[in-house]
Amino acid sequence: MTAARLDAIDIRILDAIQRDGRITKLALAEAVGLSPTPCWMRLRKLEKAGIVSGYHAKVAIRSIAPVATVMMEVTLANHRQADFDRFEKAIRDIPEIIACWSLGGGVDYILKVMTRDIDAYQRLVDSLLEREIGIDRYFTYIVTKTVKDDIVLPIGALVQPI
């Protein structure tokens with residue numbers, strides 16, 4: 001099942017479960033206009049096809065601990081595939097780096113980093129630099145306020161049903 005083969009019901013299922021991953025079988029069926037068994041079978045197909053890749057809880061971390069959120073631009077010294085591979089391998093296992101995007105243009109990567117405070121962020125950067133993973137330069141942007149941090153994808157706007 002590919003994105004091009006999703007119909008309007010599949011899209012409604014995806015929209016509903018990403019808004020509420022704990023939705024009951026009955027409530028999901030009602031929300032998308034199907035009876036429970038066919039709805040559940042469609043959801044299972046979406047899961048088996050890898051379109052639904054998991055279910056997660058969104059934790060309001062600031063309600064339990066102070067955190068510093070930092071966006072970090074990274075430019076590598078060299079641009080061979082091995083350089084990109086080395087950098088990506090190194091940052092994958094660092095839990096404080098919660099997102100990393102490879103970019104085209106003047107910057108190689110944007111990282112989203114969450115630490116206890118700015119001192120912890122600087123210690124993390126120092127450790128990255130000591131590991132010699134190819135960082136030529138980096139720029140730090142401290143998030144002062146979260147305006148929007150939506151994990152719900154606009155599926156209806158992105159996917160055209162068959």
Side-chain angles (χ1 to χ4, degrees), residues 1-3 6 10-25 27-28 31 43-44 46-160:
M1 184 178 299
T2 65
L6 298 179
D10 293 325
I11 292 169
R12 288 196 303 268
I13 289 170
L14 293 172
D15 189 56
I17 64 168
Q18 73 170 340
R19 291 176 192 281
D20 181 3
R22 298 178 70 185
I23 192 169
T24 65
K25 212 186 286 190
L28 179 61
L43 178 58
R44 289 292 170 234
L46 293 167
E47 291 171 345
K48 286 181 182 175
I51 295 168
V52 175
S53 60
Y55 296 87
H56 309 278
K58 185 172 182 181
V59 176
I61 188 67
R62 284 181 171 77
S63 69
I64 56 176
V67 297
T69 303
V70 178
M71 303 304 282
M72 180 181 179
E73 283 183 7
V74 174
T75 302
L76 300 182
N78 297 301
H79 293 95
R80 296 177 308 257
Q81 189 60 49
D83 300 311
F84 294 118
D85 292 345
R86 182 177 67 234
F87 176 81
E88 292 171 14
K89 184 175 187 253
I91 60 102
R92 269 194 191 99
D93 294 328
I94 300 170
E96 294 89 349
I97 300 173
I98 62 169
C100 176
W101 299 275
S102 175
L103 307 175
V107 174
D108 295 321
Y109 296 96
I110 297 280
L111 284 66
K112 183 175 181 183
V113 182
M114 292 185 81
T115 57
R116 291 178 184 250
D117 53 33
I118 297 304
D119 288 337
Y121 168 74
Q122 189 57 55
R123 287 191 301 274
L124 176 73
V125 170
D126 292 343
S127 74
L128 289 173
L129 295 172
E130 286 174 8
R131 292 174 71 178
E132 297 183 10
I133 56 174
I135 297 174
D136 181 38
R137 59 181 195 270
Y138 69 94
F139 293 94
T140 296
Y141 303 95
I142 298 168
V143 175
T144 58
K145 177 172 83 170
T146 300
V147 176
K148 182 176 181 180
D149 188 19
D150 203 347
I151 60 169
V152 176
L153 302 173
I155 293 172
L158 298 173
V159 180
Q160 295 297 318

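Please read these numbers as outputs of a predicted model, since none were measured by experiment.
- Each of D108, L128, I110, I135 was compared with V74 under the side-chain contact (heavy atoms from CB on, under 4.5 Å) criterion, and only I135 meets it.
- For the pair L14/L6, a side-chain contact is recorded, criterion being any heavy-atom separation below 4.5 Å from C-beta on.
- Closest heavy-atom contact between Y55 and G21: CD2-O, 3.8 Å.
- Distance OH/Y121 to OG1/T140: 2.5 Å, rounded to 0.5 Å.
- Side-chain contact check for L43 versus I17: some heavy-atom pair is nearer than 4.5 Å.
- For the pair T115 (side chain) and D117 (backbone), a donor-acceptor distance under 3.5 Å is present.
- To the nearest 0.5 Å, atoms CE (M72) and CD1 (I97) are separated by 7.0 Å.
- Side-chain contact check for I118 versus Q122: every heavy-atom pair is 4.5 Å or farther apart.
- Ion pairing between a basic and an acidic side chain is recognised when a charged N comes within 4.0 Å of a carboxylate O; D126 and R123 show no such pairing.
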Check step by step if salt bridge (charged side-chain N to carboxylate O under 4.0 Å, His left out) holds for R12 and D15. CA-CA 5 Å; R12 288 196 303 268; D15 189 56; over 6 Å; no
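- Between the CZ atom of R137 and the CG atom of L76 there is a distance of 10.5 Å, given to the nearest 0.5 Å.
- To the nearest 0.5 Å, the span separating OH on Y138 from OG1 on T75 amounts to 12.5 Å.
- Looking only at distances, no side-chain donor or acceptor of N78 sits under 3.5 Å from a matching main-chain atom of R80.
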Side-chain donor/acceptor pairs under 3.5 Å, residues 89-96, sequence neighbours excluded:
none

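- Residues L153 and Q18 share a closest heavy-atom pair of O-NE2, 2.6 Å.
- Between the side chain of S53 and the backbone N or O of G50 there is no donor-acceptor pair closer than 3.5 Å.
- Note that OG1 of T69 and NZ of K145 are 14.5 Å apart. Values are rounded to the nearest 0.5 Å.
- Scanning for ring-ring contact (aromatic ring centres under 6.0 Å, His included) contacts around Y141 gives an empty result, with sequence neighbours left out.
- Between F87 and C100, the shortest heavy-atom distance links the atoms CE2-SG, 4.5 Å.
- Interatomic distance, CZ of R22 versus CG of L28, reported as 15.0 Å (0.5 Å rounding).
- Surrounding CD of E132 are at most 12 heavy atoms belonging to other residues, nucleotides or ligands under 6.0 Å away.
- In terms of heavy atoms, I23 sits closest to A27 at CG1-CB, 3.7 Å.
- In terms of heavy atoms, D83 sits closest to H79 at OD2-N, 3.6 Å.
- Of all heavy-atom pairs spanning D149 and K58, the tightest one is O-NZ, 2.8 Å.
- When side chains are defined from C-beta on, L111 does not count as touching V70, because their heavy atoms never get closer than 4.5 Å.
- Environment of CZ in R44: crowded, with over 12 heavy atoms of neighbouring residues, nucleotides or ligands closer than 6.0 Å.
- Surrounding CZ of R62 are more than 12 heavy atoms belonging to other residues, nucleotides or ligands, all under 6.0 Å away.
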